[in-house]
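In what follows, chains are A, B, ... by sequence order, proteins preceding strands, each numbered from 1. Everything quoted here is computed from the prediction, not taken from an experiment. For the numbers below, each heavy atom of this structure counts, side chains included, while hydrogens, waters and symmetry mates do not.
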There are 2 protein chains.
Amino acid sequence: MSKGVQTRETALREALAQSSHLGLKGITIGTLASSLEMSKSGLFAHFKSKEQLQVDVLEYAAQLFAMSVVQPALKEPRGLERLRALCENWLGWDGYADYAMPGGCVFISAAMEFDDEPDGPVRDFLVAQQHQWFDSMEIVIRGAIREGQLREDLDTLQFAHDLNGIMLGHHFAARLLRDEAAPTRARVATERLIDSARPGTPVTD
Amino acid sequence: MSKGVQTRETALREALAQSSHLGLKGITIGTLASSLEMSKSGLFAHFKSKEQLQVDVLEYAAQLFAMSVVQPALKEPRGLERLRALCENWLGWDGYADYAMPGGCVFISAAMEFDDEPDGPVRDFLVAQQHQWFDSMEIVIRGAIREGQLREDLDTLQFAHDLNGIMLGHHFAARLLRDEAAPTRARVATERLIDSARPGTPVTD
DNA sequence: GTGGGAATCGAACGGTCGTGCTTTTATGGG
DNA sequence: CCCATAAAAGCACGACCGTTCGATTCCCAC
């Protein structure tokens, strides 16, 4: 019982690392196996198919994301502090270089790889995950509204999408363009977004 | 002379269409050849390698982009009108469904595919293209500054990156989440961004 | 209409892919 | 310590990959 679970865990960690810079589609049973110094078939037995492996990697990554981004933010007091913590952790996640994701956010690569795919287990799982994540963001944003720090009539879903755009832009600038100013720019953009959502700001609709 | 160029052109168009939803790495000589109803080797002869094919596809896409996004915007009067036209065309480009790019912006997928790659012909070409594109954006933005419609001390590069983030967010919402409100949200975000850059707006630095 | 170069084809190459089998080896509860 | 069971290995498969090369077909200037 124990041995199998442990191997599986190790395999998922390595698979996540490789997905991080090759994408979910880029990982290979063969390459993964030799990285783990085991046989293709031995590794394959842990996941009934490559598709299942991809889903499992997404699930594994989500656990890591919840643990290192969401949970720490929940320790901050509700409102802008918590929202800022969430964004800062999110930014950190995208540069999670030294541990499990040398190639940046796996959700972003997966999103671009599967966005034009027909429905399927991997895509469906990823989309569900993203909806969950947007829900979490909205909850934190509404917290800041309830604290009176953000406008009462703010479109929280729009706000969440705006934040998402900022993070995608950060990924783009940091990873593709190798722009060291990317995190700074993301923070500037986030503050500007928050400012535009403060009470007293004229409604833009 | 004529026949070869024509075949090449047709091949590039089909290759772009396929790259659009499979990514640049997703295209294969074999699949592409059978789509064009010709032999693998016959097609291959037009491009000396797959890497070269990928670069050529990027170049082909850039021509299309310049023609359908940049050039029309340059017909608008300098300033916010031109900037808005650029954004609107850009938004249209990402949903260029019926012609050459059924799977959305090929530059975005390519960016995510090659962002963690070591330097190479394809990555280098893509990065150079993006820098060019950011330069173009900055020029249009500075046009609005010179017209007195945007703040004098505006960080134009930051502004361009913010726009880029909005478009990436649009791609994400429209393609992965299949959110029909995506274009509207992108427009709202763009207007908010413009508003925050107007003269008289307090500096956010 | 013929010759020559461009365009295309057919077949093959070594490699890797995901995935079934069967067999061997390791593990841990009684 | 034994033995059922779990884990890993070994091997093979058909398919497709990018690429090469020699043969074939086409187009067009003379």
Side-chain angles (χ1 to χ4, degrees), chain A residues 1-19 21-60 109-110 113-114 117-118 120-123 125, chain B residues 1-19 21-60 109-110 113-114 117-118 120-123 125:
Chain A
M1 179 86 105
S2 171
K3 182 77 186 309
V5 173
Q6 185 192 334
T7 305
R8 207 187 116 96
E9 179 87 7
T10 310
L12 280 177
R13 176 166 27 187
E14 178 64 25
L16 173 58
Q18 296 192 5
S19 299
H21 59 253
L22 296 167
L24 270 186
K25 288 183 181 169
I27 48 174
T28 296
I29 312 278
T31 308
L32 190 56
S34 81
S35 293
L36 295 164
E37 288 177 331
M38 56 186 297
S39 69
K40 263 209 299 180
S41 47
L43 172 65
F44 184 80
H46 285 272
F47 316 92
K48 294 153 300 188
S49 68
K50 184 179 182 182
E51 248 182 6
Q52 189 57 49
L53 169 62
Q54 292 170 326
V55 172
D56 290 350
V57 168
L58 280 180
E59 196 168 28
Y60 181 79
S109 4
E113 284 181 310
F114 287 91
E117 215 84 342
V122 184
R123 195 197 134 92
F125 190 84
Chain B
M1 178 85 106
S2 170
K3 183 76 187 306
V5 172
Q6 186 191 334
T7 305
R8 207 186 117 95
E9 178 86 9
T10 310
L12 280 177
R13 175 164 28 185
E14 178 65 25
L16 173 58
Q18 297 192 4
S19 299
H21 59 251
L22 296 168
L24 269 186
K25 289 183 181 171
I27 48 175
T28 65
I29 311 279
T31 308
L32 190 55
S34 81
S35 294
L36 296 164
E37 288 176 332
M38 56 186 298
S39 68
K40 264 208 298 180
S41 48
L43 172 65
F44 184 82
H46 286 272
F47 316 92
K48 294 153 299 186
S49 69
K50 184 179 180 181
E51 248 184 6
Q52 189 56 51
L53 169 62
Q54 291 169 326
V55 171
D56 290 350
V57 168
L58 280 180
E59 197 168 28
Y60 181 79
S109 3
E113 284 180 311
F114 287 90
E117 214 85 343
V122 184
R123 196 199 132 91
F125 190 83

Could you tell me how far apart [X] ([atom1]) and [N] ([atom2]) are, to the nearest whole angstrom?
| X | N | atom1 | atom2 | result |
| --- | --- | --- | --- | --- |
| B:Leu53 | D:dC17 | CG | P | 13 Å |
| B:Leu43 | C:dA7 | CG | P | 14 Å |
| A:Gln52 | C:dG18 | CD | P | 15 Å |
| B:Gln6 | C:dA7 | CD | P | 11 Å |
| B:Met38 | C:dA6 | CE | C1' | 13 Å |
| B:Ile29 | C:dA12 | CD1 | P | 21 Å |
| B:Ile27 | D:dC16 | CD1 | P | 18 Å |
| B:Phe47 | C:dA7 | CZ | C1' | 13 Å |

Specify the closest pair of heavy atoms between [X] and [Y], including all atoms of both residues, with the distance to one decimal.
| X | Y | result |
| --- | --- | --- |
| A:Gly42 | A:Met38 | C-CE, 3.5 Å |
| B:Leu43 | B:Ala33 | CD2-N, 3.6 Å |
| A:Ile27 | A:Ser19 | CG2-OG, 3.4 Å |

Practice task
Report yes if a side-chain nitrogen or oxygen of B:Ser39 is closer than 4.0 Å to either non-bridging phosphate oxygen (OP1 or OP2) of C:dT8; otherwise report no.
Solution key: no
Practice task
Using only side-chain N and O atoms of A:His46, determine if any of them is under 4.0 Å from OP1 or OP2 of D:dA6.
Solution key: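 A:His46 to D:dA6 OP1/OP2: no side-chain N or O under 4.0 Å.
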Distances for protein N or O near nucleotides 20-26 of chain D N or O, under 3.5 Å:
none

Practice task
Would you classify A:Leu36 as touching base, sugar-phosphate or nothing, given that sugar-phosphate means primed atoms plus P, OP1 and OP2, and contacts are heavy atoms under 4.0 Å?
Solution key: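 The answer is nothing, as A:Leu36 stays clear of every strand by at least 4.0 Å.
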Handout entry: Gap separating the CG atom of A:Leu36 from the OG1 atom of A:Thr10, nearest 0.5 angstrom
Key = 7.5 Å
Handout entry: Donor-acceptor side-chain pairing of B:Thr31 and B:Gln18 below 3.5 angstrom
Key =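 Checked: B:Thr31/B:Gln18 side chains show no N/O donor-acceptor pair below 3.5 Å.
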Fill in the blank from the handout: Between A:Lys25 and the options A:Glu113, A:Glu51, A:Glu117, the salt bridge (charged side-chain N to carboxylate O under 4.0 Å, His left out) test singles out A:Glu117
Handout entry: Minimum side-chain heavy-atom gap B:Gln54-B:Phe47 below 4.5 Å
Key = no
